[in-house]
K.L.:
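Once you've had a glance at the structure underneath, I'll fire off some questions.
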Amino acid sequence: MKYVAACMLVSLAGKTPNKANVTAVLEAIGADVEGDSLKTVLDKLQGKSIEDLIAEGSSKLASVPSGGAAVASAGGAAGAAPEAAAAEEKKEEKKDEPEEESDDDMGFGLFD
């Protein structure tokens with residue numbers, strides 16, 4: 001991932017992502033550079049523009065489902081309505097009890 005990010009930074013700087021430029025970016029942040037991994041990334045990116053890669057990745061992400069869990073949990077919450085009412089009733093009972101002062105503040109407040 002660091003190699004792809006370094007390639008993007010080099011490209012945004014208007015330079016060609018090659019071994020020397022990417023290595024310079026990674027060494028500037030103190031990252032270790034593994035020659036084999038860098039060569040693999042550069043070979044995969046050879047002849048492709050960063051803009052095209054971002055567009056291709058965005059189209060792949062569009063097919064990934066997201067937000068579906070909220071729909072499923074809403075359906076489950078409808079079945080738990082009686083339990084929620086009982087829990088709310090318990091909360092009301094607790095509010096009727098007088099609150100005891102806590103000695104946690106040791107007699108002074110944060111902004112006193």
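Just so it is clear, the values below take in all heavy atoms, side chains as well, and ignore hydrogens, waters and symmetry mates.
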K.L.:
I'd like to know if the side chain of N21 and the backbone of T16 have a donor-acceptor N/O pair within less than 3.5 Å.
P.N.:
yes
K.L.:
For V25 and A6, work out which heavy atoms get closest and say how close.
P.N.:
CG1-CB, 4.0 Å
K.L.:
Can you tell if the side chain of E56 reaches within under 4.5 Å of the side chain of D52, non-hydrogen atoms only?
P.N.:
no
K.L.:
Side chain of S63, backbone of K60: donor and acceptor closer than 3.5 Å?
P.N.:
yes
K.L.:
Check whether any side-chain heavy atom of M8 lies under 4.5 Å from a side-chain heavy atom of I54, and answer yes or no.
P.N.:
yes
K.L.:
Sequence neighbours excluded, which residues qualify as salt bridge (Lys or Arg N to Asp or Glu O under 4.0 Å) partners of E34?
P.N.:
none
K.L.:
Determine whether more than 12 heavy atoms belonging to other residues, nucleotides or ligands lie under 6.0 Å from atom CG of D32.
P.N.:
no
K.L.:
Within this structure, what is the CD1-CG distance for the pair I50 and L12, rounded to the nearest 0.5 Å?
P.N.:
7.5 Å
K.L.:
Between L42 and Y3, does the side chain to side chain contact (heavy atoms under 4.5 Å, CB included) criterion hold? Intermediate values first, please.
P.N.:
CA-CA 8 Å; L42 290 174; Y3 301 111; over 6 Å; no
K.L.:
Nearest heavy-atom pair of C7 and V41: which atoms, and what distance?
P.N.:
SG-CG1, 4.3 Å
